[in-house]
Amino acid sequence: QRPLRRLLSCPGTVAADLRREEQSSGNAETGSEDRTPKKRFSVVQNERREQAQRTVLIHCPNNINEKKFLKFLSQHGPVNTHFFYESFGLYAVVEFCQKESVTSLQNITRTPSLGPEAAIPFKSRYFNLKLRTSVNQTSELSSIQCSNQSSPSSKKLYQLLCCAESVDDQLNTLLREFQLTEENTRLRYLTCSLIEDVAAAYFPDCAVRPFGSSVNSFGKLGCDLDMFLDLDEIGKFTAQKTSGNFLMEFQVKNVPSERVATQKILSVIGECLDQFGPGCVGVQRILNARCPLVRFSHQASGFQCDLTANNRIALKSSELLYMYGALDSRVRALVFSVRCWARAHSLTSSIPGAWITNFSLTMMVIFFLQRRSPPILPTLDYLKTLADAEDKCIIEGHNCTFVRDLNRIKPSGNTETLELLLKEFFEYFGNFAFNKNSINIRQGREQNKPESSPLHIQNPFETSLNISKNVSQSQLQKFVDLARESAWILHQEGKDRPSPSSNQPWGLAALLLPSVTNNVPLSKKKKKPASERIKNLLDSIKSSGAENSTATNGR
Ligand code: CTP
Ligand code: MG
């Protein structure tokens with residue numbers, strides 16, 4: 001069920017876009033071929049960014065009257081869409097039709113006086129609404145419907161999975177329940193836009209852009225918000241202004257390297273967020289990391305944010321993943337299930353460490369789909385051959401060129417079911433020669449490992465980097481053991497499946513349950529007869545209540 005959405009009439013096309021998006025995601029859910037033309041990544045990014053700039057975030061009193069609230073706001077111009085959500089209080093996200101309405105609203109807003117405390121007068125787009133007179137609650141308590149920003153509980157997920165009609169239906173159900181909603185996506189772009197306002201105090205032409213799972217179509221409700229401070233627009237602007245024989249340059253401060261420049265910029269932005277950023281708490285400056293970042297919580301949205309700078313390649317890899325996710329409706333369903341499976345078995349974690357990351361798992365699924373016969377996904381090298389002059393993109397000497405128009409890539413002729421693909425995925429990686437081979441989505445085939453890390457997945461653009469360098473041998477072994485076990489469970493089940501009405505976990509639900517091997521490699525265990533293993537499995541369901549075994553926060 002989609003959360004409530006209100007679309008007030010506006011001459012803009014956003015409402016129509018939303019409906020179209022809803023239709024196309026509907027198609028993805030049923031697995032049928034989606035024939036609507038697909039938007040380019042850059043088009044989506046620009047539209048969403050512009051939309052976020054016309055949007056405000058308002059902390060509201062719980063007894064607010066929605067109709068009166070909208071009437072009050074519309075004094076500043078027509079409201080295009082709005083929704084409410086709860087996160088330690090009631091919040092409204094309100095998108096105006098015009099940007100001027102935001103300024104108009106800011107002009108009638110006052111800076112609070114807090115008694116003995118003093119406020120830092122920062123005029124942001126994050127407001128606090130108070131009621132002047134207390135209203136008669138019983139008559140005014142119109143039911144405000146809140147859009148849900150978190151993923152379903154494990155219990156609800158199991159119920160949904162157990163009632164599904166087939167394993168394919170289960171994978172699509174999981175996708176539908178965990179994928180970012182329209183509202184959550186809007187909130188992510190709005191949060192970036194609010195941070196951009198802070199950064200713009202130093203760099204007026206900057207952009208703060210989301211990347212990673214918030215935009216690559218593989219984000220789960222609750223996943224972190226990766227953003228990067230883009231100062232390239234400033235550079236471009238000066239380049240265009242040169243004319244004739246004169247070349248004007250800004251007087252600037254020079255620092256020893258690009259890295260030092262990034263560290264200095266992030267250092268002041270971090271300080272600024274910490275000191276003045278409304279709703280930004282727990283600001284940590286992690287400037288000595290390979291990719292320097294500022295980590296903080298944005299309280300009102302509930303997002304854990306990682307702000308980086310000078311990170312164009314990561315945005316390009318987000319675009320590539322977005323393309324792969326859009327090419328075939330099976331891709332996202334499979335990635336979501338593998339990510340949830342990994343989280344359920346603690347193969348991934350919200351704490352950085354020697355574990356596999358969601359990004360690596362996504363690459364593994366893409367690679368696996370490139371290896372099917374016929375392939376479900378094309379290789380990156382093939383996407384490069386389809387590129388035209390405008391697609392050409394070199395970042396810091398790395399060739400990041402690939403075709404960006406999704407409609408120029410022919411759909412795959414492969415008709416394998418999700419059930420088969422999931423089983424084969426586990427079998428494929430349960431038997432992969434990780435000791436010898438590297439995973440490479442550029443060529444779509446195994447390569448000899450160039451270095452000795454247990455797991456080697458080549459970064460698609462910075463090809464000398466291994467995106468899973470952090471993974472230890474024991475974590476890889478745990479992945480392999482669980483993959484084998486899951487393949488085995490699906491294989492056994494295929495023969496003797498409990499009826500969906502029996503209320504017993506089956507298919508994907510059985511795979512998300514705690515492992516019967518208890519992390520002891522299968523090779524070291526005396527194999528028990530199948531009947532006993534199934535009995536153990538059922539016992540473990542009963543004892544754990546299956547309550548805490550799936551991730552709800554995505555990291
Ligand atoms: N990235 C990368 N190399 C890595 C790790 C990350 O290029 N070794 C880039 C990827 O583009 C990735 C993004 O940084 O998508 C964000 O990283 P992360 O938050 O770890 O992954 P997500 O894809 O956002 O997944 P999650 O939902 O777990 O946050
Ligand atoms: Mg992320």
Side-chain angles (χ1 to χ4, degrees), residues 41 45 150-151 175 178-180 184-185 188 191-192 209-230 286 289-298 301-325 331-332 335-344 346-366 380 395-396 398 400 402 438-442 451 453 455-471 550-555:
F41 182 75
Q45 295 307 303
S150 49
S151 47
L175 170 63
F178 279 94
Q179 69 185 347
L180 303 183
N184 195 267
T185 302
R188 284 170 189 272
T191 305
C192 287
R209 304 185 193 280
F211 71 99
S213 58
S214 298
V215 300
N216 67 17
S217 79
F218 296 109
K220 277 196 327 192
L221 283 171
C223 69
D224 73 347
L225 174 55
D226 304 292
M227 41 174 104
F228 92 101
L229 176 68
D230 187 356
I286 309 167
R290 189 186 73 80
C291 186
L293 74 140
V294 175
R295 178 166 289 172
F296 60 96
S297 298
H298 190 256
S301 60
F303 295 134
Q304 172 75 31
C305 305
D306 277 353
L307 175 69
T308 54
N310 196 9
N311 205 1
R312 262 189 178 272
I313 294 188
L315 190 66
K316 210 61 197 168
S317 50
S318 301
E319 177 167 16
L320 180 67
L321 294 194
Y322 167 86
M323 303 233 345
Y324 277 129
V331 181
R332 292 176 64 233
V335 169
F336 270 72
S337 296
V338 170
R339 283 183 170 206
C340 279
W341 166 85
R343 191 67 178 89
S346 307
L347 284 169
T348 51
S349 164
S350 55
I351 313 158
W355 357 103
I356 295 183
T357 62
N358 281 328
F359 183 52
S360 297
L361 288 170
T362 308
M363 289 293 179
M364 289 168 104
V365 174
I366 291 171
L380 177 52
I395 304 171
E396 291 157 21
H398 301 286
C400 304
F402 57 86
S438 156
I439 291 162
N440 179 316
I441 67 158
R442 185 164 273 284
E451 38 123 329
S453 307
L455 176 60
H456 194 280
I457 305 176
Q458 191 193 59
N459 182 308
F461 300 120
E462 291 170 273
T463 51
S464 64
L465 296 182
N466 171 11
I467 66 160
S468 48
K469 207 178 166 64
N470 61 312
V471 178
T550 51
T552 52
N553 69 354
R555 270 177 72 102

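Counting starts at 1 for both ligands and their atoms, following the listed order. Along the sequence shown, the residues carry numbers beginning at 1.
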Considering only heavy atoms of [X], which atoms of ligand 1 have at least one such atom less than 4.0 Å away?
| X | value |
| --- | --- |
| A314 | 11 (O) |
| F211 | 13 (C), 14 (O), 16 (C) |
| S317 | 11 (O) |

Heavy-atom check, side chain of [X] versus side chain of [Y], under 4.5 Å:
| X | Y | result |
| --- | --- | --- |
| I441 | L320 | yes |
| V294 | I286 | no |
| S214 | M227 | no |

Report summary line: The N/O/S atom of D224 lying closest to the Mg ion (ligand 2) is OD1

Query raised in the report: Among the N, O or S atoms that D226 has, which is closest to the Mg ion (ligand 2)?
Result: OD2

What part of [X] sits under 4.0 Å from ligand 1 if we count only heavy atoms: the side chain, the backbone, both or neither?
| X | result |
| --- | --- |
| F218 | neither |
| C223 | side chain |
| R339 | side chain |

Query raised in the report: Between K469 and E451, is there a salt bridge with N-O shorter than 4.0 Å?
Result: yes

Query raised in the report: Is the shortest distance from a heavy atom of T357 to ligand 1 less than 4.0 Å?
Result: no

Query raised in the report: With a 4.0 Å cut-off on heavy atoms, is E462 touching ligand 1?
Result: no

Requested in this report: Kindly write out the residues that satisfy side-chain contact (heavy atoms from CB on, under 4.5 Å) with T308, not counting sequence neighbours, or none if the list is empty.
Outcome: F211, F228, C291, L293, N311

Report task. Would you tell me whether R332 and Q179 have side-chain atoms, one donor and one acceptor, within less than 3.5 Å of each other? Result -> yes

Query - Candidate pair F336 and F178, rule ring-ring contact (aromatic ring centres under 6.0 Å, His included), full reasoning - result: CA-CA 8 Å; F336 270 72; F178 279 94; 7.5 Å; no

Query raised in the report: Which of the listed options, F461, F359, F228, holds the heavy atom that is closest to atom 5 (C) of ligand 1?
Result: F359

Query raised in the report: Do any of the N, O or S atoms of D306 sit under 2.8 Å from the Mg ion (ligand 2)?
Result: no

Report task. Could you please spell out the steps behind the side-chain hydrogen bond (donor to acceptor under 3.5 Å, both in side chains) verdict for S301 and R188? Result -> CA-CA 8 Å; S301 60; R188 284 170 189 272; over 6 Å; no

